[in-house]
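Read through the structure below, which is laid out as structure tokens, and then see the notes.
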Amino acid sequence: MDTPLRNLAVIGAGAMGSGIAALFASKGLNVVLIDPVDGALDRALKTIERQLNVYAPGEVQQVIQRIRMEQDLEAAAASDLVIEAVPENLDLKRGIFAKLDTLCPAHTIFATNTSGLSINAIASAVQRRDRFVGAHFFTPADVIPLVEVVRNDDTSEDTVAKVMATLRFGGKRPVLVRQDIPGFIANRIQHALAREAISLLEKGVASAEDIDEVVKWSLGIRLALSGPLEQRDMNGIDVHYAIASYLYKDLENRTEPSDLLKSKVDSGHLGAKSGQGFYTWSPERRERVLREKSAALGELAAWLNGKAGGS
């Protein structure tokens, strides 16, 4: 099924929802962006204009005209696909979909953009469980190519095909997660990596800067071209097994967040958004890094997509 679903609604006009709306509108689809919070849509418009000026500078106004801004969920009633991108609160998401289930026609497909909440738990709020999936975008949503499409126990093959086709039309590289497991694929791997990195910092093995330097300029640069399983094949599974036999027992395996991580949260040191985390962030540095990294990620993604297309 190569034809995308052409009328989209995005629920939630934060950074993620704004990026999703900008992406699909830039591909010629009709999008309604819905958020009931006063001022949210005005902020979203500024965000979208900034995003479009990066990758579609000559088409900003043309693309924005394809995005209708609304505050009421009723505006989603004519959509073929509804993508929810509200905060990670199970009750909030369930409540929104329960209302949408009564507003939208039977053919409308629902997708929840959650980083790891149970798709089955969210889908239990609707009657159309066969037309319900998880669609986990990554920040920035209009730049990072991958989307994890996650089935619930009742998702139909037709629903998967239509959502995957729409994502591909938007320039995404969707993968199908066949089981509804916590964290899906990316966040499980990301948290395993972060858990070990935070443990190394906590034990004083190296500075935050040096730990990040190791990951970026050894694992990171290689992972851009070769995933961990392919890399095991290239290195030799016997070599990996031999190292795993002595290393696994020494790796961080705690089942609760570390004391260092808890102390950061308790102290309000939440990272770039609070000005202090593992690094110190001025507002100017935060904006500069976000802008520069988004542009660099876009260039890297375009280059990698070109390499993948030619392979």
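Bear in mind the structure is a predicted one, so any value in this text is a computation, not a measurement.
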Does the side chain of Arg195 pick up a donor-acceptor pair with the side chain of Asn253 at under 3.5 Å? no

Is a side-chain donor or acceptor of Arg128 paired with a backbone partner of Asp101 at a separation under 3.5 angstrom? yes

Within this structure, what is the CG-NZ distance for the pair Leu23 and Lys172, rounded to the nearest 0.5 Å? 5.0 Å

Atom pair OG1 (Thr112) and CD1 (Ile119), whose distance is rounded to the nearest 0.5 Å: 5.5 Å

If we only count heavy atoms from C-beta on, is the Phe278 to Glu209 side-chain gap below 4.5 Å? no

Evaluate the side-chain proximity of Cys104 to Val82: yes if any heavy-atom separation is below 4.5 Å, no if none is. yes

Has the side chain of Ser274 got a donor or acceptor atom that lies under 3.5 Å from a matching backbone atom of Gln276? yes

Between the side chains of Asn120 and Arg129, does any donor sit under 3.5 Å from an acceptor? yes

Answer yes when Asp42 and Lys46 have at least one side-chain N-carboxylate O distance shorter than 4.0 Å, and no when they do not. no

Hey, could you give me the CD1/CG distance between Ile48 and Leu33, rounded to the nearest 0.5 Å? 5.5 Å

Please name the pair of heavy atoms, one in Ala206 and one in Ile211, separated by the smallest distance, quoted to 0.1 Å. O-CD1, 3.7 Å

CG of Leu73 to NZ of Lys99, rounded to nearest 0.5 Å, is 6.5 Å

Compare every heavy atom of Arg286 with every heavy atom of Ala272, then report the nearest pair and how far apart it is. O-CD, 3.3 Å

If we ignore hydrogens and angles and just use 3.5 Å, is the side chain of Glu252 paired with the main-chain N or O of Glu196 as donor and acceptor? no

NZ/NE/NH1/NH2 to OD/OE distance under 4.0 Å, Glu59 and Arg66: no

Is the ring centre of Phe97 less than 6.0 Å from the ring centre of Phe132? yes

Taking NZ, NE, NH1 and NH2 as the nitrogens, is one of them in Glu70 or Arg68 under 4.0 Å from a carboxylate oxygen of the other? yes

Donor-acceptor pair, Arg6 side chain versus Asp80 backbone, under 3.5 Å? no

Pairwise distance OG(Ser115) to CG(Asn187) - rounded to 0.5 angstrom: 5.5 Å

For Asn113 and Phe137, indicate whether the former's side chain and the latter's backbone hold a donor-acceptor pair under 3.5 Å. yes

Is Val214 reachable from Leu223 through a run of hydrophobic residues whose side-chain heavy atoms are each under 4.5 Å from the next? no

Without hydrogens or angle criteria, can the side chains of Asn7 and Ser79 be said to hold a donor-acceptor pair below 3.5 Å? no

Quick one: do Arg232 and Glu230 make a salt bridge, cutoff under 4.0 Å? no

Could you check whether Asp180 pairs with Arg151 (Lys NZ or Arg NE/NH1/NH2 to Asp/Glu carboxylate O, under 4.0 Å)? no

N/O donor-acceptor pair under 3.5 Å between Ser263 side chain and Leu260 backbone: yes

For Ser294 and Arg291, indicate whether the former's side chain and the latter's backbone hold a donor-acceptor pair under 3.5 Å. no

Should the pair Lys93-Glu88 be classified as a salt bridge under the 4.0 Å nitrogen-to-oxygen rule? yes

Side-chain (Ser226) to main-chain (Arg222) donor-acceptor, under 3.5 angstrom: no

On a heavy-atom basis, which atom in Val32 and which in Ala75 lie closest, and how many Å separate them? CG1-O, 3.8 Å

Is there a path of hydrophobic side-chain contacts, each under 4.5 Å between heavy atoms of I/L/V/M/F/W/Y residues, joining Phe184 to Val163? no

Evaluate the side-chain proximity of Ile221 to Lys216: yes if any heavy-atom separation is below 4.5 Å, no if none is. no

For side chain to side chain contact (heavy atoms under 4.5 Å, CB included), just list the numbers for Thr139 and Ile144, CA-CA rounded to whole Å, side-chain angles, deciding distance to a tenth of an Å, and then say yes or no. CA-CA 7 Å; Thr139 304; Ile144 303 297; over 6 Å; no

Is it the case that more than 12 heavy atoms not belonging to Glu202 sit under 6.0 Å from its CD atom? yes

What is the minimum heavy-atom distance between Pro87 and Leu92, and which atoms define it? CD-CD2, 4.0 Å

Give the intermediate values and the outcome of side chain to side chain contact (heavy atoms under 4.5 Å, CB included) for residues Val37 and Gln71. CA-CA 7 Å; Val37 177; Gln71 287 191 294; over 6 Å; no

If you count heavy atoms of other groups shown closer than 6.0 angstrom to CG of Asp266, is the number above 12? yes

Report yes or no: do Val126 and Leu100 belong to one cluster of Ile/Leu/Val/Met/Phe/Trp/Tyr joined by side chain heavy-atom distances under 4.5 Å? yes

Could you check whether any side-chain heavy atom of Asn30 comes within less than 4.5 Å of a side-chain heavy atom of Phe24, counting everything from C-beta outward? no

Under a 3.5 Å distance rule, please check whether Ser18 uses its side chain to pair with a backbone N or O of Thr47 as donor and acceptor. no

Answer yes or no: is there a donor N or O on one side and an acceptor on the other, between the side chain of Thr114 and the main chain of Gly116, under 3.5 Å? yes

Does any non-hydrogen side-chain atom of Pro182 lie less than 4.5 Å from one of Arg188? yes

Close side-chain approach of Val289 and Trp281, heavy atoms under 4.5 Å: yes

Between His240 and Asn235, does a side-chain hydrogen bond (donor to acceptor under 3.5 Å, both in side chains) hold up when you go through it step by step? CA-CA 8 Å; His240 179 81; Asn235 288 353; over 6 Å; no

Will you find, in the side chains of His136 and Glu148, an N or O donor that is under 3.5 Å from an N or O acceptor? yes

Within a strict 4.5 Å, meaning less than it, do heavy atoms of the Thr159 and Ser156 side chains meet? yes

Is the closest side-chain heavy-atom distance between Ile64 and Glu49 below 4.5 Å? yes

Trace of the side chain to side chain contact (heavy atoms under 4.5 Å, CB included) decision for Val175 with Val149: CA-CA 6 Å; Val175 299; Val149 176; over 6 Å; no

Write down the atom of Val143, the atom of Gly298, and the distance for their closest heavy-atom approach. CG1-N, 3.4 Å

Under 4.0 Å between a side-chain nitrogen and a carboxylate oxygen: does that hold for Glu157 and Arg131? no

Ionic contact status for Glu292 with Arg288, cut-off 4.0 Å: yes

Verify the cluster assignment for Met16 and Leu52: are they in a single hydrophobic cluster under the rule of side-chain heavy atoms below 4.5 Å apart? yes

Before you tell me yes or no, could you show the steps for Lys27 and Phe169 under side chain to side chain contact (heavy atoms under 4.5 Å, CB included), namely the whole-Å CA-CA distance, both residues' side-chain angles and the distance that decides it to 0.1 Å? CA-CA 8 Å; Lys27 301 299 182 180; Phe169 183 84; 4.0 Å; yes

So for atom CZ, which belongs to Arg254, do other residues, nucleotides or ligands contribute more than 12 heavy atoms lying within a distance under 6.0 Å? yes

side-chain hydrogen bond (donor to acceptor under 3.5 Å, both in side chains) between Thr155 and Asn152: does it pass, once the steps are laid out? CA-CA 5 Å; Thr155 304; Asn152 72 70; 3.0 Å; yes

Find out if a path of hydrophobic residues (ILVMFWY) with successive side-chain heavy-atom gaps under 4.5 Å connects Ile198 to Tyr279. yes

First locate atom CD1 of Ile185, then atom CG of Leu176, and finally report the distance between them rounded to the nearest 0.5 Å. 8.5 Å

For the residue pair Ala85 and Ile20, what are the closest heavy atoms and their distance? CB-CD1, 4.5 Å

